Amino acid sequence: MPKGYWVVFADVTDAEGYKGYISANAKALAKYGARFLARGGKVKPKEGKPRSRVVVVEFPTYSAALDCYRSPEYVAAMKEREGRSVWDMVITEGYEGPQPT
């Protein structure tokens with residue numbers, strides 16, 4: 001079964017206030033088996049106009065990624081980031097097919 005991923009491009013406009021979101025989302029992410037693959041590290045834009053922060057969160061399944069986003073815990077966490085950041089986000093299914101050789 002393919003893994004699921006949250007891919008986020010964000011600009012944080014209130015770093016101090018955003019800490020509340022980071023704290024609040026931990027409960028939902030842990031509940032659904034999430035782990036961070038990228039979380040606000042260095043970014044080198046190459047094409048398009050990405051935001052300043054990139055976050056990639058891996059879930060054990062695509063369904064878990066969707067369920068986490070819809071969970072009461074995460075819905076509450078989202079309220080903590082309102083007015084503190086601007087996001088572009090997708091939830092995508094992982095790929096388990098052939099790879100380049």
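Keep in mind the model is a prediction, meaning the values are calculated, not measured.
- Linking Ile, Leu, Val, Met, Phe, Trp and Tyr residues whenever their side-chain heavy atoms come within less than 4.5 Å places V12 and M89 in a single cluster.
- In this structure, R53 has no salt bridge (Lys or Arg N to Asp or Glu O under 4.0 Å) partners at least two apart in sequence or on a different chain.
- In this structure, V57 and F59 have side chains that are in contact, with non-hydrogen atoms separated by less than 4.5 Å.
- The environment of OH in Y18 is crowded: more than 12 heavy-atom neighbours from other residues, nucleotides or ligands sit within 6.0 Å.
- Residues L37 and Y32 are members of separate hydrophobic clusters, defined by side-chain heavy-atom contacts under 4.5 angstrom among Ile, Leu, Val, Met, Phe, Trp and Tyr.
- Listed by chain and number, the residues in a side chain to side chain contact (heavy atoms under 4.5 Å, CB included) with P45 are V43, P50 (sequence neighbours excluded).
- Within a 6.0 Å radius of CE in M1, other residues, nucleotides and ligands contribute 12 heavy atoms or fewer.
- Between atom OG1 of residue T61 and atom CG of residue L66 there is a gap of 8.5 Å, rounded to the nearest 0.5 Å.
- In this structure, the side chain to side chain contact (heavy atoms under 4.5 Å, CB included) partners of A28, at least two apart in sequence or on a different chain, are C68, S71, E73, Y74.
- Scanning for side-chain hydrogen bond (donor to acceptor under 3.5 Å, both in side chains) contacts around D11 gives R51, S52, with sequence neighbours left out.
- Put simply, I91 and M78 are part of the same group of oily side chains (I, L, V, M, F, W, Y) that touch within less than 4.5 Å, one to the next.
- The salt bridge (Lys or Arg N to Asp or Glu O under 4.0 Å) pairs that include a residue from residues 90-101 number zero, where partners must be two or more places apart or lie in different chains.
- The side chain to side chain contact (heavy atoms under 4.5 Å, CB included) check on S23 picks up nothing, with sequence neighbours excluded.
- Proximity of F36 to L29: side-chain heavy atoms (C-beta onward) are separated by under 4.5 Å at one or more points.
- With sequence neighbours excluded, no residue forms a ring pair (Phe, Tyr, Trp, His ring centres under 6.0 Å) with Y62.
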Inset, instruction - Determine, step by step, whether R39 and I22 satisfy the side-chain contact (heavy atoms from CB on, under 4.5 Å) criterion, reporting the C-alpha distance in whole Å, the side-chain angles of both residues, the deciding distance to 0.1 Å, and the verdict. - result: CA-CA 11 Å; R39 188 178 189 187; I22 292 171; 3.1 Å; yes

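- The backbone N or O of E80 sits less than 3.5 Å from a side-chain atom of R84, completing a donor-acceptor pair.
- Remark: E16 pairs with K19 by the salt bridge (Lys or Arg N to Asp or Glu O under 4.0 Å) rule, at least two apart or across chains.
- Residues passing the side-chain hydrogen bond (donor to acceptor under 3.5 Å, both in side chains) test with K27: none are found, sequence neighbours excluded.
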Side chains of residues 2-9: which donor-acceptor partners sit under 3.5 Å, not counting sequence neighbours?
{"unit_1": "Y5", "atom_1": "OH", "unit_2": "E58", "atom_2": "OE2", "d": "3.0"}
{"unit_1": "W6", "atom_1": "NE1", "unit_2": "A65", "atom_2": "O", "d": "3.0"}

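- In terms of the side-chain hydrogen bond (donor to acceptor under 3.5 Å, both in side chains) criterion, E82 has no residue partners (sequence neighbours excluded).
- A continuous path of ILVMFWY side-chain contacts below 4.5 Å connects W87 to Y69, so both sit in one hydrophobic cluster.
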